[in-house]
Amino acid sequence: MNIELEKNYNYKEAEKKWYEYWISNKLFSATSNSNKPPFAIVIPPPNVTGELHMGHAMDHTLQDIIIRGRRMMGFEAVWIPGTDHAGIATQKKVEDKIRKEGQTRYTLGRDEFIKKVWEWKNQYGSQIIEQCKRLGDSCDWDRLRFTMDEGCSRAVKEAFYRLYKKGIIYKGRRLINWCPRCRTALSDLEVNHKNSKSKLYYLKYNFKDQEGCITIATTRPETILADSAICVHPEDERYKNVVGKEVIIPIANRAIPVIADDVVERDFGTGALKITPAHDPTDYEVGKRHNLPTYIVIDEKGCMNDEAGVYAGLDRFECREKIAEDLEKAGLMEKVEDYTNAVGVCYRCDTVTEPYLSWQWFAKMDDLAKKALEAEKEGKVKFTHPRYANTYRTWLENIKDWCISRQLWWGHRIPVWTCEDCGHVDSYLEEPTKCPKCSGEHLKQEDDVLDTWFSSGLWPLETLGWPDKTKDLEFFYPTKVLITARDIIFLWVARMIMFGLEFEGKVPFEDVHVHATLMDKSGKRMSKSLGTGIDPLVLIDKYGADALRFALAQMTGQGQDIKFPVDYKKGTKEIERAERVETARNFANKVWNATRFCLSNIPSDIKIKELDFSAMTDLDKWILSRLNKACMTTKKAYDTYSFDVMADELLEFFWYDFCDKYIETVKPIITSENGSQTVQAQILLYVLNSFVRLLHPIMPFITEELWHLLPQTEGSIMKADYPQYDEKFNFANEEKIAEIVFETVRGIRSLRSDAGIAPKKIVKINVSTKDENYLEVVKKYADTIKILAGAEIIISSEDNVTKALVYMYGVNQILLSAEEIDNLEKQIADMEREASKIAKLVESLNKKLSNKAFIENADQNIIENEKARLAEAQVKESKLTEQIKILKS
RNA sequence: GGGCGCAUAGCUCAGAUGGUUAGAGCACUACGUUGACAUCGUAGGGGUCAAUGGUUCGAAUCCGUUUGCGCCCACCA
C-alpha cells in the first residue's frame, strides 16, 4: 500500500517515457469537429536548417504552457507545427556543402541543385523537430507543415495570383538591395546596418570650360565612373555661380552637369555631392527628379563591369583602392579622412550589400498597410506590450513597397509566364500550356523565386488549409495568440496581419505576445554567430526539460530583455552551472520528494474527493485557501501571459507554504499510528492532486509521472481539468490565524538562533500581550508551535517583568528567559539596535501625523493606517526599552 | 539623425493607478543530517533604489536634465 520512490527524481527516464506515451495516445491532436471552444497557436516555423537555440526554447516553452493550460481548461487547443524553407539560409548551407565537393550551383544547374537541396532537407530538416520534442512541445505533429509542401505551394500561388490580378503585385526596374554573394535582391528588412571604419575621399572635379574645380567628398570613389552629376544645395552661396556649368569626372574624363537639389547637406564634406543614380539610393531619387542618365559599373557579383574600362573585372573594394591610388597620382585627390559610416550587410551572409538597379517584383504596401494599421487601432489585434504596438504602427505608417523577388533557386518560383510568341505576360494558378492571347505554346516562367517571408506571411492561413474553405479554417481561424521574439515583428508578424486581412478579412491572431530576448552574462544578445549561444539540449541533459522550462517561464517578465547567467568550466565552453535552471531543478526535486513523503505515509484508498470540512483545523483551511489563491493567480496569469507570475506563485505556494509549513505541521499527525486516516492525510493528497495539475503546463514531465503515482487519478494528466478558483475554499479568517501561528514560530526560532540554543532543545517561551485574539490563537496552536519551534508556550500577564530576550510580533511580546542565554551582552546590543530603529520609525510617523498638510490631503484610510502603525510602533518601542532596562539591571 | 527600453543588495531580477522599516532567488555567514528532500532545513548580514533639478503633505514609483548600457528605425555622401 505504501509506495516507495527513488530519493531523487530521474528526469532522464521520465522524459523519454512520457513523451512516447503522449504521442502513442495521440494526446496532442485536436479536431475541428469539437464542441469545445477553439484555441489555436501556429508555431513560428523554425528554419529547416536550424538547430534548437535558447530563443526557440523560450518561445516554445511559453507556447507550450499556454497550449497545455488551455487544453486542460476545456479548449480544443491545437498547436500547429512546421518548418520554414528559409530560402537564402538553406540555399547557402547547401552551396557550402557542394563547394566541398568541388561544385557550385552554376556547375550543377538549377534542377540538379534544387534536387540537392531537397535531399538535404529530407536528411536534416527534421532535426529541429526532434529537438523540439525534447523540450516537451505538445504540437499536433500530424499537422506538421513545411512552407514548400504542396499545400503551402498552392497557397502561395493563390495569394500571388490574387494580388497580381488586383494590381498589388507589379514588376519594375528599381534600385534594390543586392547581395553580391547570394546574388539576389533583398528587401529593406533583410539588410542590417553595421558601423564600418572607412575613408572619406575628397576628389577634385575640374570645370570643363573654366579654370578651377569642385571638390566633393565620397566614401565610394569606385563609383565615380558612373557619375551623372555633381549636386549642391540651391541656397549654398559658395556654389551659386557654378550651377549649370559642367565638370569633368576624373579618370573617366566625361563631362557632367552641376545641379542643385536640397537633399544636399551643406555642412557635410564640401557641400558638394556626386550623383551616381545606379549605385546609391539617394542619388537614384535625385537622378529621377533631374532626369539624369544612369550608368552601371558594378555587376551582380560585386565586380566592376566592362563600363569600368581599365578597372573591369576588379572587385569593388579592390577597385576602390586602385582608383584612389590613380586619383592620387593624377593630383585629383585633395585629402583622405578616416570615417565611420553605416554599411548595409546581408542578414544571412553578412556580405556588404550593393544598391543594384534591376527588374524586380514588388508588392504595393499602402493599402495593405492601411488595413493592418486600422485593425490594430481598432483592437482587433492586441500587442500585449503596448510599446510594440507603437513600433508596429510607426513601421506601417512609413512603409515602402516590398521587393518580393529573389534571384535564388530554392523557393516558390514566381507564377508568372511570358508568351515568347506574343509577349503576353500573366499570372496563372496552374502552369499554362498555351497563351490565352495568341494560343502560342512557348510560355516561359519567371526564373525568380519569392521572398521566404512571402510564404511565411501566409502561415496561419496555409496551415489551416487555405485557400480551401476547410473546416479547420472555419473553426480555428483566427488563431488566439502569436508568441514570438522581437526581431521579426516587421518581417513576419506585420505581414501575416496584412495577408490575413487581405485574404480572410480577419486578423490571423487576436493577441501578439512578444517575449524577452535572452542575453548572455555581459548583456550581449544570445546568438550562435556572436558565440554567445547556449545549447538548450545541454541544459536539458544536465537539469531536465522541466527545469529549463520552469526557469525560462520564471525569467520572462514584462518583455524585458534578460541575462541568462551561466558559469563555464574554467577555460572551456562547457557549462558548469546554470544557476536559474539549477534552482528550477531543485524545485522539481522538492515536488518529487514532497509527493514521495505523502505517498509513503498515506494509503491510496483514502478519499480525496469529499473533504470533511467539519474535521478541519484553521491551518487545514488555510492551506486550502492558499491553494485556491494559487488557482486564481495562475488563471489570471494565463489571461495576461504573465508567465513569471505563474511560475513564482506555484513555487512559493508549494515550497514555502505547503512543504515548509503545512507538511511540517501535520507530519506528526500523518506519521502517527492512525494518522493516515485523518482529514490532514486527505488534504495532503488533495493539494498534491491539484498542484500537479496547476504545474503541469510548465513542468509537463514530472507532473505526468506524479499523476500516475498519485491515487485516484486516471489516464494522462493532460486529460485532467485545470483546477479552478472556488469561493467555498476562500478562508480569509483562517489565513490570518495561520499567519499568527507561523509568525510566532518565526519569532521563537529567531530568538533561539540569536541565543545560540541547540536546535533540539525544547525551551519555554512566555508570550505576553493584551491582545486576546492573539493569546487565543497561540493557546489553541501551542502544540503546532511546539512542533515547529521546539518551544513550550506559557501565557504571561502583561506586566510580566522577568529578565528575557524579546521578539516583538506586532504589539505582542515573545519572550525567551534570559537564563537560557549565554551571549547576553551581544543580545542586548542587538535589541538596542532594534529599539533605535523603531524609535526612528516612531519619530518619522509622529512627524508625518502632526503635519497638517498630510492630514488635510491624504486619504482617510491612509491616515488611519499610519495612526495604527504609530500606535504599534510606540508599544514596540516601549516594551523593547523596558526589556533592555530589565536585562541590564 | 529619429524613436524605444533599461539602470534597485556582490550577481540575476520583482516592485499597476506615488503612502509598510524597499523584496525574492543565487552567492555569503552561523547552526543543523537515522525517517520526504544536503538538489535540504533554520536563522542572519548586506541596498543613501545611476546622478541632478522639480511636482507633491509624501517619490524607487510622476515630470525635466545629465551620465552609462542595450535595441529599433533612418537616403549625411
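Per chain, numbering begins at 1; letters A, B, ... match sequence-line order.
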Checklist entry - For RNA chain B, which residues in residues 652-668 of chain A have a heavy atom at a distance below 4.0 Å? => result A/Trp655, A/Tyr656, A/Cys659, A/Asp660, A/Glu664, A/Lys667
Item to check | Sugar-phosphate, base or nothing in reach of A/Ser753, heavy atoms under 4.0 Å | outcome: sugar-phosphate
Next on the checklist: Rounding to an integer number of Å, can you tell me how far A/Glu649 CD sits from B/G23 C1'?
Outcome noted: 16 Å
Item to check | Residue A/Tyr339, side-chain heavy atoms: nucleotide from B/C76, B/A43, B/A36 that is nearest | outcome: B/C76
Next on the checklist: Just to be sure I understand the rule, does A/Tyr543 reach a base, reach only the sugar-phosphate, or reach nothing, if contact means heavy atoms closer than 4.0 Å?
Outcome noted: nothing
Item to check | Separation of B/C31 C1' from A/Lys761 NZ (nearest whole Å) | outcome: 15 Å
Checklist entry - Counting side-chain heavy atoms from CB outward, which of B/A27, B/U42, B/G44 is closest to A/Arg746? => result B/G44
Checklist entry - So what does A/Asn857 touch, heavy atoms closer than 4.0 Å: a base, only the sugar-phosphate, or nothing? => result base
Checklist entry - Within the structure shown, what part of the strands sits under 4.0 Å from A/Arg266 by heavy-atom distance: base, sugar-phosphate, or nothing? => result nothing
Item to check | Whole-Å gap separating P (B/G23) and CG (A/Asp648) | outcome: 17 Å
Checklist entry - Closest to the A/Lys7 side chain: B/C40, B/G19, B/A38? => result B/A38
Checklist entry - Under 4.0 angstrom, heavy atoms only, what part of the nucleic acid is A/Arg220 near: base, sugar-phosphate, or nothing? => result nothing
Next on the checklist: Mind checking if A/Lys274 touches a base, just sugar-phosphate, or nothing, with heavy atoms under 4.0 Å?
Outcome noted: nothing
Next on the checklist: Mind checking if A/Thr391 touches a base, just sugar-phosphate, or nothing, with heavy atoms under 4.0 Å?
Outcome noted: nothing
Extract all donor-acceptor atom pairs below 3.5 Å that involve side chains of residues 851-862 of chain A and protein atoms in other chains or at least two apart in sequence.
residue: A/Asn851; atom: OD1; partner: A/Ala853; partner atom: N; Å: 2.9
residue: A/Asn857; atom: ND2; partner: A/Ala853; partner atom: O; Å: 2.9
residue: A/Gln860; atom: NE2; partner: A/Glu864; partner atom: OE2; Å: 3.3

Next on the checklist: Base, sugar-phosphate or nothing for A/Arg585? Non-hydrogen atoms, less than 4.0 Å.
Outcome noted: base
Checklist entry - Contact class for A/Val264 (heavy atom, under 4.0 Å): base, sugar-phosphate, or nothing? => result base
Checklist entry - Under 4.0 angstrom, heavy atoms only, what part of the nucleic acid is A/Lys563 near: base, sugar-phosphate, or nothing? => result sugar-phosphate
Item to check | Any A/Arg596 side-chain nitrogen or oxygen under 4.0 Å from OP1 or OP2 of B/C37 | outcome: yes
Next on the checklist: How many whole angstroms separate atom CG of A/Asn8 from atom P of B/C40?
Outcome noted: 10 Å
Item to check | Cation-aromatic face contact A/Lys590/A/Phe658, 6.0 Å, 45 degrees | outcome: no
Checklist entry - To the side chain of A/Arg577, which of B/A27, B/C57, B/G45 is closest? => result B/A27
Checklist entry - Do the side-chain N or O atoms of A/Ser750 get closer than 4.0 angstrom to the phosphate oxygens (OP1, OP2) of B/G44? => result yes
Checklist entry - In dot-bracket, 5' to 3', how would RNA chain B read with Watson-Crick or G-U wobble pairs under 3.5 Å, [ ] for crossing ones and | for pairs to another strand? => result (((((((..((((.....[...)))).(((((.......))))).....(((((..]....))))))))))))....
Next on the checklist: So, does A/Tyr201 get its side chain near the phosphate of B/A77, meaning an N or O under 4.0 Å from OP1 or OP2?
Outcome noted: no
Checklist entry - Touch check for A/Lys400, heavy atoms < 4.0 angstrom, all strands: base, sugar-phosphate only, or nothing? => result sugar-phosphate
Checklist entry - NA contact type, A/Ile562, heavy-atom cut-off 4.0 Å: base, sugar-phosphate, or nothing? => result sugar-phosphate
